[in-house]
Amino acid sequence: MSQLGALPLVIESATRRRDAACSVLQATLVAQQAARVQLGQLQDYARDTTSRWGMRTGATLRPELLYHQDCFMERLEYAAGIQRGVVGEHAYRVDAARQALLEAQLRLSGLRQVLDRRRHALQAQQQRREQQQADEHAARAYRSADQGLPGRED
């Protein structure tokens, strides 16, 4: 392993970064969903309120009551508008978190490929060494057998 240098440590660090990026993405997805739910609740409340006041169209309402209802609905729409902005911001954050996760995964994949190539190179080098040792051993055995044969004169 020492021949691989610090590469296993770098891969371990890249794995932790990838896992952290995955956790960030999950958290941003949860926050985005919560913001969408809240926006839906605001919109549902606005529809319910409008429908309740709409059922009273035949009834006579005092102008100040209509004014307060109108102000309330404006505030509710303003809050829904702000919440739509929050949902949009969460969408941006989710995209950024996805991009960060993709980059972390690509880096980790690249590092693993480098590690695999180095391992294969080390294995090939080790096989060449073993083959060379086997060849040398066979050559020594052949020479010692050749020198011990009777009837040969050099």
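Computed over heavy atoms, backbone and side chain alike; hydrogens, waters and symmetry mates excluded.
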From CA spacing to verdict: side-chain contact (heavy atoms from CB on, under 4.5 Å), Val87, Gln38 = CA-CA 9 Å; Val87 169; Gln38 190 172 11; over 6 Å; no

Does any part of the side chain of [Y], heavy atoms only, come nearer than 4.5 Å to the side chain of [X], both counted from C-beta?
X: Glu103; Y: Gln99; result: yes
X: Gln26; Y: Leu101; result: no
X: Leu122; Y: Gln125; result: yes

Quick check for you: to the nearest 0.5 Å, what is the distance between [X] atom [atom1] and [Y] atom [atom2]?
X: Leu7; Y: Leu111; atom1: CG; atom2: CG; value: 6.0 Å
X: His120; Y: Leu115; atom1: NE2; atom2: CG; value: 9.5 Å
X: Leu76; Y: Thr50; atom1: CG; atom2: OG1; value: 8.0 Å
X: Gln131; Y: Glu136; atom1: CD; atom2: CD; value: 11.0 Å
X: Gln132; Y: Arg129; atom1: CD; atom2: CZ; value: 9.5 Å
X: Arg18; Y: Ile11; atom1: CZ; atom2: CD1; value: 11.5 Å

ask   = Do side-chain atoms of Ser144 reach the backbone of Arg140 as a donor and acceptor pair under 3.5 angstrom?
value = yes

Inset, instruction - Verify side-chain contact (heavy atoms from CB on, under 4.5 Å) between Ser51 and Arg47, making sure each step is shown before the conclusion. - result: CA-CA 6 Å; Ser51 68; Arg47 275 192 299 276; over 6 Å; no

Write down the atom of [X], the atom of [Y], and the distance for their closest heavy-atom approach.
X: Leu29; Y: Arg98; value: CD2-NH2, 3.8 Å
X: Leu42; Y: Ala79; value: CD1-O, 3.9 Å
X: Ala31; Y: His90; value: CB-CE1, 3.5 Å
X: Ala97; Y: Thr28; value: CB-OG1, 3.8 Å

- Any chance the side chains of Glu130 and Gln126 put a donor and an acceptor closer than 3.5 Å? yes

*Test: Arg84 and Glu77 ion pair at under 4.0 Å*: yes

Verify same cluster id: Val30, Val24 (apolar side-chain graph, 4.5 Å)
no

